[in-house]
Structures are given as C-alpha cells and as structure tokens.
Amino acid sequence: MIFFSVPLSILRPKRSFRRNPFFYQFISLSSSSSVQSLDMSEENNLHCPDYAELRSNMQNLAKSGAITKALQAFLLMRTAAPGKPTVYDYNSLINCYLKSEYACLHDLSTLYSEMKTLGLYPNASTFNTFLKGLNLLGASKSALWVTIEMCNHAFTPSFTSLSSLLKKCSDSMDLKAAISVLELMIGLNYIPTEPQVISLINRLTKHGMTNKACYVFFKLLDKGYFPTPYIYNPIIWSLCKSNEINLALAFFCSLKKKGLVHNVCSYTALVHGFCEKGLFKEALICLNNICYPNVRTYTIIIKCFCDNGRIQEALSLLTQMEKRGLDPDIVTYNIILRALSNQNMVHEIFDLFQKDLSPDRYTATALSGLLKKGNLGIAHSLLRDIEKSGSDMDVAVYNVYFYRRFKSKDPFSLMNYMKKKGIEPNNITYNTILKGYCERKTMDKTLEFFRTTEWPEKGPDLVSFNTILSAACKKRDSEMVERVLDLMEHEGVKLNVVGCTCLMQYFYNVRKLKDCLDVFEHMMSHGPRPSMVTINSLMIGLCKNRELEAAYRFFCNLKSYGFSPDSKTYKILEGYDDLVAKLQRESFES
DNA sequence: TATCTGTTAG
C-alpha cells in the first residue's frame, strides 16, 4: 500500500508556523499535506473492505500511535459509503490515539488542524476528547485554548472540565491562564470550589500579584459569592507585608461593611501591617480590639518591639500574654532570646530559661550575640541540650559556635566532631579557621594552610581571599599584601568592594594617602562601587592624616556622589572637634 | 490563612 510508505516527517509542518498565540503547537498540516495527495484510485484498492473493517483498521492504527497512517485510513473510509467518514469517526480516531503510549501534543495539534483541512466540523464530543487528551498530557495552556475554541463554536464546557483545568493551571503556576479559566467559569455561572479559590488567591499574593488576587476576589463577590476569611486573609496579609497598611485597612473595612466577620488572623495581619510602618500605638489598639488574640498575634507584635530595640515593652507583652493564659511557644522565645542576646542581657536570658521551653536550632543561633560578647557558658550548655534533644542541627549552628571554641581546641578535632554528628563543614567553617590562623599564627603559616587545605566546596572563595588580604593589610605587611594580590591575580579573582576598602585602609595607615585616594577614584570611575564602609574609611583616613579640610569637603560632597552619611560618619566627625566646629559655623552662616 | 535563627572578609 503506497500510502504506508509516506514518512511522518512529510506530514509534519515546520515548527515555526504559528497559528495562535495561545496554542501555537496547533499547527496546520497545510494544503500541501500528503493526506490530500493520497492516491485514492481504484487500482490501488483492489480489495474493497467495508466500513466496519476500515474503521477498525483506522482505530488500530491510531491506538498504535501511527497518526499519519490512521489519518490515511480515515480518508480511505470515503470509499466505504456515501457521507462517510463522519466527525464521529474522527472523534473515535482521536480517542484511540489517546490510548496509545505515544500520544503527544504535536500529534494532537496536527489532528486538530487537519480537521479543518478535511472540512470536518467539530462537535462537543470532539472538544471534550481533545480536552481529555490535553489534560492527560498536562498541557494546560493548550487546553485553555481549546476551551475557548469550544465556546467560540457555541458549545459549553462542563463545570468538571473547567474546574479541573483551573486546578491544573493553578498547580502549574500558570496564574494568568488560571485567571482566564476562572473568568470563563464566572461567565458560565460556574462557581469554583472554595479550596480552589483559596489556592489561587494564595498563589497570586505570594507571587506579587496581589492586585490580580483582588480582581479575582471582587469578580467572585460580584457574582454573589460569600467569602470566608480563608479566602481574603491572604490579600490582607500581602498588603500588610508590602507596607500597604492603608490599602489593607480600606479592604478590611469594606468587607466589614458588607457584613463579613473577620477572624483573629485578619486582625493579626493588621497588627503586622501597623508594626511594619512603625505604628506601635495603632498596633496595640488593634491588639486590644481583638476578642481572642492568640500566640501568633502576640509574637508578631513582640518581634516588632524587639526589632526596634524596645525589649522592655516586648517583655511586658510576654507577661501580658501569659496572664491571659496564652503560652508563648518556642518561636516567641527565640525572638526574645535573640534580642536579649544582642543586648548581652544575660540575667533576662537566664530568667527565660527557667521557663518550660524546648530549645531548637533556631534558639542555638539566636544566641550568637551572646557568643560574640564572650558569654560562652550559657551558650555551650544550651548547645549540648539541643544536641541531646535530637533537634535538627545544621552547619550554621556549628559555625556559630566554632570560632569561639577554636581558641581552646584544635580546629580539626572540632571538624571531626561535626562530621561525626553528620554535619559537613562548608567554606564558612574553613574561612573561620582561616581567620583563626590570621589572628594566632604567622602569615606564612596562614598562607600554607590556605594553599594546602582541601576546601570543601569549589576551593577558597572571595571571602577566603579577603580574609588573608585583610590580615596582611592590618599587619601593614607590604610584602604579604603584594603576595596576596599576586595570588588573587594568578587565580583570576577580582577585588570586590571589601578588598578595595582593605587596601585603602592599608594605604592610609602606612601614610600613603595618595595611593588610598587613587584606589577610591578608581572605584568611583571603574567600580566596584564604594559602600558606606568605604566612605567612612576614607573619612577616617583623611582625618588621621590631618587632612581635615579635605575630609570636610568630601563630607559636603557626599550627596552629589549619591551617598548619604550614616551615624558612623557623624561619629567620625565628632572625634575632630575643630572640624565639627567649622561645619557648625558654616551651617549657621548659610 | 499569620509568627522564628545564624556562621566567614572591609
């Protein structure tokens, strides 16, 4: 049979032929299709099989995934009876093809476009069959396109198919498509299920599409949908988290006006929003307006006070919640412990540990402030407790404790200890050891470690290089500075803002102010862009070298370079009374 | 539906 020798590739159109922006995979076989040019002459059909036989043949070919041959078999059915084959036969072809293990999007698109070439008009079943196939293939975008086609042909997609399409689009994070499906559903008076709406709105808000989430929400509201807080709370939260407390309030009040009753999570979002804006008074008023605030409500406001250094207020809120019968959880405690630890408030930390709390790895790292201040006792016994409790530890927890313990122990025995616990050291662990070498050993020994050690990741990183560069600069060891710079050049490591700042500090400390300024100018014109640490370093360098006038001029010009002086900049100036006096005088005169 | 930590270089 000659048509069986037609290669599939001839039937397949070129990929670049796009018919529709939504469903470009649906490509026409075009008028030059070899299906059209099939030799249908009598001589090639000596045996004339009947309709049933031909149909069965077509179905078998389709089931085996041979769509070209199946299409050819479909055309052969013309010979069986007048008016044959029909769209039902074509539907059967598609159905059988979907049962084959070779079903793919490209072939499905071919089957769709070929219908028009053959002059077949799809019926509802055709569309549903295509939708079933596209669903199987997970091609949600194409399924949306077919659904729209179906509507354009005046057929109504079922609730089930739209609902499943909505889920597919939402799960595959094609949120724009999901919104289109939802619009189709609303247009047909189909109301999606609550879990679907919650999931879609959640995903929209989490991906910075809060306005779209609002759009979806109000569309449903217009249809008389009665939303629960589970549906709209993600919107309130999203607005509050992005510092849009005014919008959140407006949204919150408009819902209240409509008679919707908010729950504690809705109010907690507002508390968070007020806190984010620094509106502590309003946050507290909001807290007091909630009939039954919970641990999370309190935790959020406590965190806010802690982050703003208002620890006493945080502690009194802790007492207040306990009095109300709300037991703080480990999250609440970790937040407070972190703040206390940064302030080195050892007694208060001790008091907290008298309570019934089960420390976890968050607790371990929250105490890093304490470690930095040298209060090792409480921290180490805590670490032992956490290890014993079987809490999940990670490399960062060990790194936090590493440097402090390094002083009294051999670093490599500590690393073995980590490994025994199943924690692999990382570059940060090694950089910490490197720092220990810099502080306690000679630069030669440090460089030897640097070169000979087996680094855990892809070798030493920029921080590693900066660690040794910084050490050489601090020691004002010009030969070593040069060696490190040569090493960096050899390894193809470029200086970043930290390295450049180290070099500037080195230059002004060895009274090479011009070299220091050269580095700064180079940074300004070629990068890396100076940071405020760089700026402040230069200020110190100028002042140290008694270039007070230059420091003053530099300070005045900071804004024109795009920098804003910070508290450190002002502190530097405070150390130079004469300069400050001049600044004050001039500001009075102007 | 909402809340938590931290390690290395200037």
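Numbered from 1 within each chain, the chains take letters A, B, ... in sequence-line order.
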Item to check | Short side-chain N/O contact from Ser470(A) to OP1 or OP2 of dG10(B), under 4.0 Å | outcome: yes

Next on the checklist: Taking donor-acceptor contacts at under 3.5 Å, does the side chain of Asp394(A) reach the base of dG6(B)?
Outcome noted: yes

Next on the checklist: What contact category does Asn202(A) fall into here, base, sugar-phosphate, or nothing, at under 4.0 angstrom with non-hydrogen atoms?
Outcome noted: nothing

Next on the checklist: Over all strands shown, is Thr268(A) touching base, sugar-phosphate only, or nothing at heavy-atom distances under 4.0 angstrom?
Outcome noted: base

Checklist entry - What is the distance, rounded to the nearest whole Å, between atom CD1 of Ile302(A) and atom C1' of dT3(B)? => result 10 Å

Next on the checklist: Taking the cut-offs as 6.0 angstrom to the six-membered ring centre and 45 degrees off its axis, would you call Lys441(A) and Tyr437(A) a cation-pi pair?
Outcome noted: yes

Checklist entry - Is Val264(A) touching bases, backbone alone, or none of the nucleic acid, heavy atoms closer than 4.0 Å? => result nothing

Checklist entry - Do any side-chain nitrogens or oxygens of Arg338(A) fall under 4.0 Å of OP1 or OP2 in dG6(B)? => result yes

Checklist entry - With a non-hydrogen cut-off below 4.0 angstrom, is Ile428(A) in contact with a base, only sugar-phosphate, or nothing? => result base

Next on the checklist: Counting the atoms with a prime plus P, OP1 and OP2 as sugar-phosphate, which does Asn427(A) contact under 4.0 Å by heavy atoms, base, sugar-phosphate, or nothing?
Outcome noted: nothing

Checklist entry - Under 3.5 Å, is there a donor-acceptor pair linking the side chains of Asn202(A) and Ser199(A)? => result no

Next on the checklist: Taking the minimum atom-to-atom distance to the side chain of Ile300(A), which one of dG10(B), dT3(B), dT8(B) wins?
Outcome noted: dT3(B)

Next on the checklist: Using the side-chain heavy atoms of Val533(A), tell me which of these nucleotides is nearest: dT1(B), dG10(B), dT5(B).
Outcome noted: dG10(B)

Item to check | Any Lys303(A) side-chain N or O less than 4.0 Å from OP1/OP2 of dA2(B) | outcome: no

Next on the checklist: Please pick, from dT3(B), dA9(B), dT1(B), the nucleotide with the shortest atom-to-atom distance to any side-chain atom of Asn496(A).
Outcome noted: dA9(B)

Checklist entry - Over how many whole Å does the gap from Met504(A) atom CE to dG10(B) atom P extend? => result 15 Å

Next on the checklist: Using a 4.0 Å heavy-atom cut-off, does Ala396(A) contact any base of the nucleic acid, only the sugar-phosphate backbone, or nothing at all?
Outcome noted: base

Checklist entry - Heavy atoms under 4.0 Å, any strand shown: does Cys502(A) hit a base, just sugar-phosphate, or nothing? => result sugar-phosphate

Checklist entry - How are the rings of Tyr430(A) and Trp455(A) set to each other: parallel, tilted or perpendicular (split at 30° and 60°)? => result tilted

Item to check | His272(A) NE2 - dA2(B) C1' separation (whole Å) | outcome: 9 Å

Checklist entry - Could you state the CG-C1' distance from Asp461(A) to dT7(B), rounded to the nearest angstrom? => result 13 Å

Next on the checklist: Checking Tyr232(A) against Phe252(A) for the ring-ring contact (aromatic ring centres under 6.0 Å, His included) test, could you report, in this order, the C-alpha distance in whole Å, the side-chain angles of both residues, the deciding distance, and whether it holds?
Outcome noted: CA-CA 9 Å; Tyr232(A) 59 76; Phe252(A) 181 94; 8.3 Å; no

Side-chain donor-acceptor pairs of residues 298-307 of chain A under 3.5 Å, sequence neighbours excluded:
| from | atom 1 | to | atom 2 | distance (Å) |
| --- | --- | --- | --- | --- |
| Tyr298(A) | OH | Gln320(A) | OE1 | 2.6 |
| Tyr298(A) | OH | Arg324(A) | NH1 | 3.1 |
| Thr299(A) | OG1 | Val295(A) | O | 2.6 |
| Thr299(A) | OG1 | Thr332(A) | OG1 | 3.1 |
| Lys303(A) | NZ | Asp307(A) | OD2 | 2.7 |

Next on the checklist: Applying a 4.0 Å non-hydrogen cut-off, can you work out what Val397(A) is touching in the nucleic acid: base, sugar-phosphate, or nothing?
Outcome noted: base

Checklist entry - Roughly how many Å is it from CD1 in Ile236(A) to P in dA2(B), rounded to a whole number? => result 13 Å

Item to check | Distance in angstrom units between Asp307(A) CG and dC4(B) P, rounded | outcome: 9 Å

Checklist entry - Thr534(A) near the nucleic acid: base, sugar-phosphate alone, or nothing, with a heavy-atom cut-off under 4.0 Å? => result base

Checklist entry - What's the closest nucleotide to the Tyr362(A) side chain, out of dT8(B), dC4(B), dG10(B)? => result dC4(B)

Item to check | Separation of dA9(B) P from Asn426(A) CG (nearest whole Å) | outcome: 14 Å

Next on the checklist: Please pick, from dA2(B), dT7(B), dT3(B), the nucleotide with the shortest atom-to-atom distance to any side-chain atom of Asn294(A).
Outcome noted: dA2(B)

Checklist entry - Counting any heavy atom closer than 4.0 Å, what does Ser531(A) reach on the DNA or RNA strands: base, sugar-phosphate only, or nothing? => result base

Next on the checklist: Please confirm whether the ring centroid of Phe520(A) lies under 6.0 Å from the ring centroid of Phe554(A).
Outcome noted: yes

Checklist entry - Quick one: is dG10(B) close enough that its OP1 or OP2 comes under 4.0 Å of any side-chain N or O from Lys474(A)? => result yes

Next on the checklist: Between Lys206(A) and dA2(B), is there a contact of a side-chain N or O with OP1 or OP2 at under 4.0 Å?
Outcome noted: yes

Checklist entry - What nucleotide, of dA9(B), dG6(B), dT8(B), holds the atom closest to the side chain of Asn466(A)? => result dA9(B)

Checklist entry - Counting just side-chain N and O atoms, does Lys435(A) come under 4.0 Å of either OP1 or OP2 of dA9(B)? => result yes

Checklist entry - The side chain of Asn431(A) lies closest to which of these nucleotides: dT3(B), dT8(B), dA9(B)? => result dT8(B)

Item to check | Whole-Å distance separating the CG atom of Leu487(A) from the P atom of dA9(B) | outcome: 19 Å

Item to check | Any donor-acceptor N or O pair under 3.5 Å, side chains Ser170(A), Gln196(A) | outcome: no

Checklist outcome for this item: Which of dT1(B), dT8(B), dT3(B) is nearest the side chain of Thr432(A)? It is dT8(B)

